[in-house]
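Quick note on labels: first sequence line is chain A, next is B, and so on, each numbered from 1.
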Protein chains: 2
Amino acid sequence: MQGGSSDPGSRPPSATERSTPNWSAPTAALGSGCEPDVEVLREQVRAHMTEHGLRSTEQRRQIVEAFLMTREHITIDQLLALVRSEDPRIGYATVYRTMKMLVAARVAHERRFSDGFARYELAVGGTHHDHLICLECGRIVEFSEPRIEELQDQIAAKHGFAVRYHKHELYCTCLDVDCPHRLRAK
Amino acid sequence: MQGGSSDPGSRPPSATERSTPNWSAPTAALGSGCEPDVEVLREQVRAHMTEHGLRSTEQRRQIVEAFLMTREHITIDQLLALVRSEDPRIGYATVYRTMKMLVAARVAHERRFSDGFARYELAVGGTHHDHLICLECGRIVEFSEPRIEELQDQIAAKHGFAVRYHKHELYCTCLDVDCPHRLRAK
DNA sequence: GTCGGTGCAAAGGTTTTGCAATAAA
DNA sequence: TTTATTGCAAAACCTTTGCACCGAC
């Protein structure tokens, strides 16, 4: 569905309207219990920018704020849509560049699941985790299992390697046939 | 086949010379002990083509044979280089299309590690496995660990999901400082 | 006034597709 | 002859980059 975009000319010309896949709704806020300490992250951004002589612009502020309010694995497109609702003139490239900066500041993690879109999540504490992605309802759930990490290290060692980082993604379907999140029938 | 050009011009014009990364040498043959039953796979291809009314062309034969002789996780570029050494007129698109066919015939598995290239491996029996990729020497080692699979299922179930497929990649470095495969110093 | 940031367009890099020519059945 | 396949070029697709103008400091 194209046409609805509030600013046609600001995307790469060849790109037809991108449809961010059903994975992960772009909701900006969520009210779960455990809020990561956004203030700490905000301060981390500030420190990084000062340290590197980066300037504080209105666009950056908006993009960073939109991202910090997010509790989802958000795509560039979703983030762009969010900030454009406040200022339609913000461009793609700025969002890309700002997210690169946030990754460099260790405030965001970049994830690439198998749908071709980069996604960003808050880098909360030292929490390492992996992901479960539902193929039906698009939910992305984080998990961490020390026993798996342990087995990984053993496997690597057995072959003469040490694990530096890993990628572990479980592509799933809902067990509950009536899952309210389900988007398409199977 | 048209076009007399023996080689240049057969790639997409914008593409500068592609350098397949250091991962996985394109060697066509290898003499390890356990040869997968290539004859079974060949028959599977034949059956698939008959069943779908696909025609047997010289190009397809060459590409399929080159792939079946492979014991590595081969990229399109590597495969193209192999078949071009026999017939320089074979084009990119044909290799892509043939590999898609082999995946459909369940003779090849497509893998995408995090370097942007699709890789193909023989689909031997029902063997499921995951991969360990060395960041230094480029080796790709297959592993399978039932205890991990089990934990995965438990994790998914705990969240109300069932695993359909998964991706588990260990990016490693060699433990042996003098690893003969090492390509670059750390 | 400097120099980094922004927005746009164009380019990168891998994969896919449209099309006219070609060849398998 | 009919219809699938080929090779080429161009397009698709997400991301990055070049550049002129703009704005933070």
Side-chain angles (χ1 to χ4, degrees), chain A residues 2 7-21 49-64 75-80 83-84 87-101 103 110-120, chain B residues 1-21 48-64 75-80 83-84 87-101 103 110-120:
Chain A
Q2 33 259 83
D7 192 359
S10 46
R11 293 181 166 208
S14 64
T16 53
E17 191 68 16
R18 294 187 190 178
S19 61
T20 297
M49 293 181 69
T50 303
E51 186 182 344
H52 292 79
L54 305 179
R55 293 173 182 173
S56 176
T57 66
E58 189 52 34
Q59 292 92 328
R60 274 186 181 160
R61 274 191 294 275
Q62 280 184 231
I63 296 167
V64 169
T75 64
I76 293 287
D77 275 38
Q78 293 169 340
L79 203 41
L80 183 70
V83 295
R84 282 226 177 131
D87 179 353
R89 292 168 306 174
I90 292 183
Y92 251 99
T94 303
V95 179
Y96 273 106
R97 288 187 278 229
T98 302
M99 292 315 295
K100 293 291 174 203
M101 180 198 75
V103 169
E110 188 180 281
R111 302 281 184 182
R112 290 174 184 274
F113 304 134
S114 48
D115 66 344
F117 294 88
R119 284 160 195 282
Y120 296 88
Chain B
M1 45 219 133
Q2 53 260 91
S5 83
S6 61
D7 195 349
S10 45
R11 294 181 166 207
S14 65
T16 53
E17 191 68 16
R18 292 187 191 179
S19 60
T20 296
H48 177 85
M49 293 182 69
T50 302
E51 186 182 342
H52 293 78
L54 305 179
R55 292 173 182 176
S56 176
T57 67
E58 190 52 40
Q59 293 92 326
R60 274 185 181 161
R61 274 190 293 275
Q62 280 183 230
I63 295 166
V64 170
T75 63
I76 293 287
D77 274 37
Q78 294 170 341
L79 202 43
L80 184 69
V83 296
R84 282 229 175 130
D87 180 352
R89 292 167 306 174
I90 292 181
Y92 251 98
T94 304
V95 178
Y96 273 106
R97 287 187 278 229
T98 302
M99 292 316 296
K100 292 290 174 203
M101 179 197 76
V103 169
E110 189 180 280
R111 302 282 184 182
R112 290 175 184 274
F113 304 133
S114 47
D115 65 345
F117 294 87
R119 284 159 196 282
Y120 295 89

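Taking side-chain N and O atoms only, A:Gln59 has a distance below 4.0 Å to OP1 or OP2 of C:dG7. Contact between the side-chain N/O atoms of B:Arg60 and the OP1/OP2 oxygens of C:dA24 is not found at any separation under 4.0 Å. Phosphate proximity of C:dT6 to A:Thr57: present, with a side-chain N or O under 4.0 Å from OP1 or OP2. For C:dT15, the OP1/OP2 oxygens have a side-chain nitrogen or oxygen of B:Tyr96 closer than 4.0 Å.
When rounded to the nearest whole Å, the span between CE of A:Met99 and P of D:dT15 equals 12 Å. When the P atom of C:dT16 is taken as reference, atom CZ of B:Arg112 falls 7 Å away, rounded to whole Å. Note: CG (B:Asp87) to C1' (D:dG7) measures 11 Å, nearest angstrom. Nucleotide C:dC8 holds its C1' atom 15 Å from the CD1 atom of A:Ile90, rounded to whole Å. What separates NZ of A:Lys100 from C1' of C:dG5 is a distance of 18 Å, to the nearest Å. Atom pair B:Tyr92:OH and D:dT5:C1' shows a separation of 20 Å (rounding to whole Å applied). Atom CZ in B:Phe117 sits roughly 8 Å away from atom C1' in C:dG13 (whole-Å rounding). Rounding to whole angstrom units, CG of residue B:Leu54 and P of D:dT6 are separated by 10 Å.
When each of A:Ala93 and B:Ala93 is assigned the nucleotide of DNA chain C bearing its nearest heavy atom, the one mapping closer to the 5' terminus is A:Ala93. Two residues, A:Ala118 and B:Thr94, neighbour DNA chain D, and the one matched to the more 5' nucleotide by heavy-atom proximity is B:Thr94.
Legend: residues meeting side-chain contact (heavy atoms from CB on, under 4.5 Å) with A:Glu58, ordered by chain and number and at least two apart, are A:Arg61, A:Gln62. With sequence neighbours excluded, the residues forming a salt bridge (charged side-chain N to carboxylate O under 4.0 Å, His left out) with B:Arg111 are B:Glu121, listed by chain and number. Among residues two or more places apart in sequence or in another chain, the side-chain contact (heavy atoms from CB on, under 4.5 Å) test is passed with A:Arg60 by A:Met49, A:Leu54, A:Thr57, A:Thr98, A:Met101.
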Kindly indicate, with the supporting measurements, whether the criterion side chain to side chain contact (heavy atoms under 4.5 Å, CB included) is fulfilled by B:Lys100 and B:Glu110.
-> CA-CA 9 Å; B:Lys100 292 290 174 203; B:Glu110 189 180 280; 3.0 Å; yes

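Across all their heavy atoms, A:Gly91 and A:Arg84 have their closest contact at CA-NH2, 4.0 Å. For B:Leu80 against B:Ile90, the heavy-atom pair with the smallest separation is CD1-O, 3.8 Å.
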Please produce a list of atom pairs where a protein N or O lies less than 3.5 Å from an N or O of nucleotides 19-23 of chain D.
from   : atom 1 : to      : atom 2 : distance (Å)
D:dG23 : N2     : A:Arg55 : NH1    : 2.4

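Counting heavy atoms from C-beta outward, A:Ile76 and A:Phe117 have side chains that stay 4.5 Å or more apart.
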